Amino acid sequence: RPNAKRHSVHTGHGDSVYALKVSTLLDWPGLLSSGGDGHLVRWSLEDGNTNGEVIAKLGGSVYALCPLADGSGILAGCNQSGIFHLKPGMHKPVYLPMTAVFHDLAEAPDGQVYAATDKGELLNIDPSRMEVMTRTKVTSMSLRTLAVHPHEPLLATGSSDKMIRVYSILNARSEEH
């Protein structure tokens with residue numbers, strides 16, 4: 001049995017919860033969640049308050065979240081509607097329309113963001129311009145998850161074809177495991 005003691009229970013989403021991220025952003029500190037109801041919610045972990053603050057209502061299910069290390073906001077990857085960049089103080093997010101399901105988003109130490117799609121593509125996105133910089137076809141099946149090494153220029157992808165691929169994000173070299 002794990003050595004874990006429940007801290008709190010947060011309820012309020014109207015559908016499945018698909019993404020959780022801890023945010024250290026000054027405007028949105030705490031736990032961020034998103035799900036099938038299209039809501040992006042911030043939850044406080046400090047004061048015992050279990051009432052969430054809805055930051056945004058986005059179109060469709062929100063499968064992926066990525067708080068940006070530079071404090072410029074949060075990227076949210078949606079089901080068949082694209083990626084949204086929510087910025088503190090702005091009521092309308094910046095939008096990158098795309099017809100893909102975004103299963104995961106991950107930020108590299110250099111500030112570049114990578115997206116895993118249902119089409120088996122790995123996208124490199126410049127969050128400041130909300131542009132796709134590169135698009136790499138990794139597999140014919142869905143990319144499900146991403147992991148970026150915090151100190152080395154390495155990115156790993158996990159996919160529905162049961163493969164883990166590790167890329168040097170300096171030269172896009174792949175090693176399959």
Side-chain angles (χ1 to χ4, degrees), residues 17-35 38-42 55-56 58-90 92-139 141-160 163-175:
V17 175
Y18 293 128
L20 291 172
K21 295 290 181 173
V22 173
S23 171
T24 57
L25 298 173
L26 292 177
D27 291 296
W28 297 313
L31 183 66
L32 300 174
S33 66
S34 65
H39 289 136
L40 172 55
V41 181
R42 185 190 72 83
I55 294 173
L58 303 172
S61 299
V62 181
Y63 291 135
L65 293 174
C66 183
L68 298 172
D70 67 2
S72 66
I74 303 163
L75 295 184
C78 297
N79 179 10
Q80 298 295 338
S81 60
I83 297 175
F84 294 86
H85 186 177
L86 296 101
K87 298 181 179 188
M90 291 183 70
K92 188 172 182 180
V94 178
Y95 176 55
L96 176 61
M98 298 188 75
T99 56
V101 176
F102 293 92
H103 290 296
D104 203 1
L105 294 165
E107 183 178 20
D110 67 359
Q112 292 297 300
V113 173
Y114 294 87
T117 76
D118 66 323
K119 297 177 181 181
E121 291 180 322
L122 177 64
L123 307 180
N124 172 235
I125 297 168
D126 181 339
S128 65
R129 298 190 322 225
M130 285 302 284
E131 289 181 12
V132 175
M133 306 306 289
T134 61
R135 187 183 297 260
T136 304
K137 183 71 171 176
V138 173
T139 177
M141 301 182 88
S142 291
L143 287 184
R144 296 289 180 177
T145 189
L146 301 172
V148 176
H149 193 288
H151 308 294
E152 300 291 330
L154 297 174
L155 169 84
T157 66
S159 52
S160 292
M163 301 291 284
I164 297 169
R165 295 169 175 86
V166 180
Y167 292 88
S168 167
I169 47 183
L170 292 178
N171 64 14
R173 177 181 52 83
S174 171
E175 300 172 20

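Nothing fancy with the numbering, it's 1 onward along the sequence. These values consider heavy atoms only, across backbone and side chains, with no hydrogens, waters or symmetry-generated copies. Nothing here was measured: the structure is a model prediction, and the numbers come from that model.
Under the 3.5 Å distance criterion, the side-chain polar atoms of K21 are left unmatched by any main-chain donor or acceptor of A64. Counting only distance, with no hydrogens or angles, the side chain of N79 and the backbone of S61 share no donor-acceptor pair below 3.5 Å. Side-chain atoms of S23 do not come within 3.5 Å of backbone N or O of P67 as any donor-acceptor pair.
Using a 4.5 Å heavy-atom threshold, the side chains of V138 and R165 count as touching. Annotation: side chain of T117 is not in contact with side chain of M98 (no heavy-atom distance under 4.5 Å). Two residues are said to be in side-chain contact when any heavy atoms from C-beta on lie closer than 4.5 Å; H85 and L68 meet this criterion. Looking at L40 and V62, their side chains never come closer than 4.5 Å, going by heavy atoms from C-beta outward. Residues L32 and I55 have side chains in contact (heavy-atom distance under 4.5 Å, counting atoms from C-beta outward).
Here the OG atom belonging to S160 is positioned 8.5 Å from the CG atom belonging to L143, to the nearest 0.5 angstrom. Here I169 contributes atom CD1 and L154 contributes atom CG; the two are 7.0 Å apart, rounded to the nearest 0.5 Å.
Closest approach of M130 to L96, counting heavy atoms only: O-CD1, 3.4 Å.
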I'd like a table of donor-acceptor pairs (distance under 3.5 Å, sequence neighbours excluded) in which one partner is a side-chain atom from residues 102-109, with atom names and distances.
from: H103; atom 1: NE2; to: R144; atom 2: NH1; distance (Å): 3.4
from: D104; atom 1: OD2; to: T145; atom 2: OG1; distance (Å): 3.4
from: D104; atom 1: OD2; to: L146; atom 2: N; distance (Å): 2.8
from: E107; atom 1: OE1; to: A69; atom 2: N; distance (Å): 2.8

Counting only pairs under 3.5 Å, give me each side-chain donor-acceptor contact of residues 120-129, with atom names and distances, residues two or more places apart or in other chains.
from: E121; atom 1: OE1; to: R135; atom 2: NH1; distance (Å): 3.2
from: N124; atom 1: ND2; to: Q112; atom 2: OE1; distance (Å): 3.3
from: D126; atom 1: OD1; to: S128; atom 2: N; distance (Å): 3.0
from: D126; atom 1: OD1; to: S128; atom 2: OG; distance (Å): 2.7
from: R129; atom 1: NH2; to: E131; atom 2: OE1; distance (Å): 3.4

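Annotation: side-chain hydrogen bond (donor to acceptor under 3.5 Å, both in side chains) contacts involving residues 62-73, sequence neighbours excluded, comprise D70-S72.
The environment of NZ in K92 is sparse: at most 12 heavy-atom neighbours from other residues, nucleotides or ligands sit within 6.0 Å.
P29 meets the side-chain contact (heavy atoms from CB on, under 4.5 Å) test with R42; sequence neighbours excluded. Applying the side-chain hydrogen bond (donor to acceptor under 3.5 Å, both in side chains) test to S33 and every residue at least two apart in sequence or in another chain returns H13, W43. Remark: F84 engages Y95 in a ring-ring contact (aromatic ring centres under 6.0 Å, His included) (not counting sequence neighbours).
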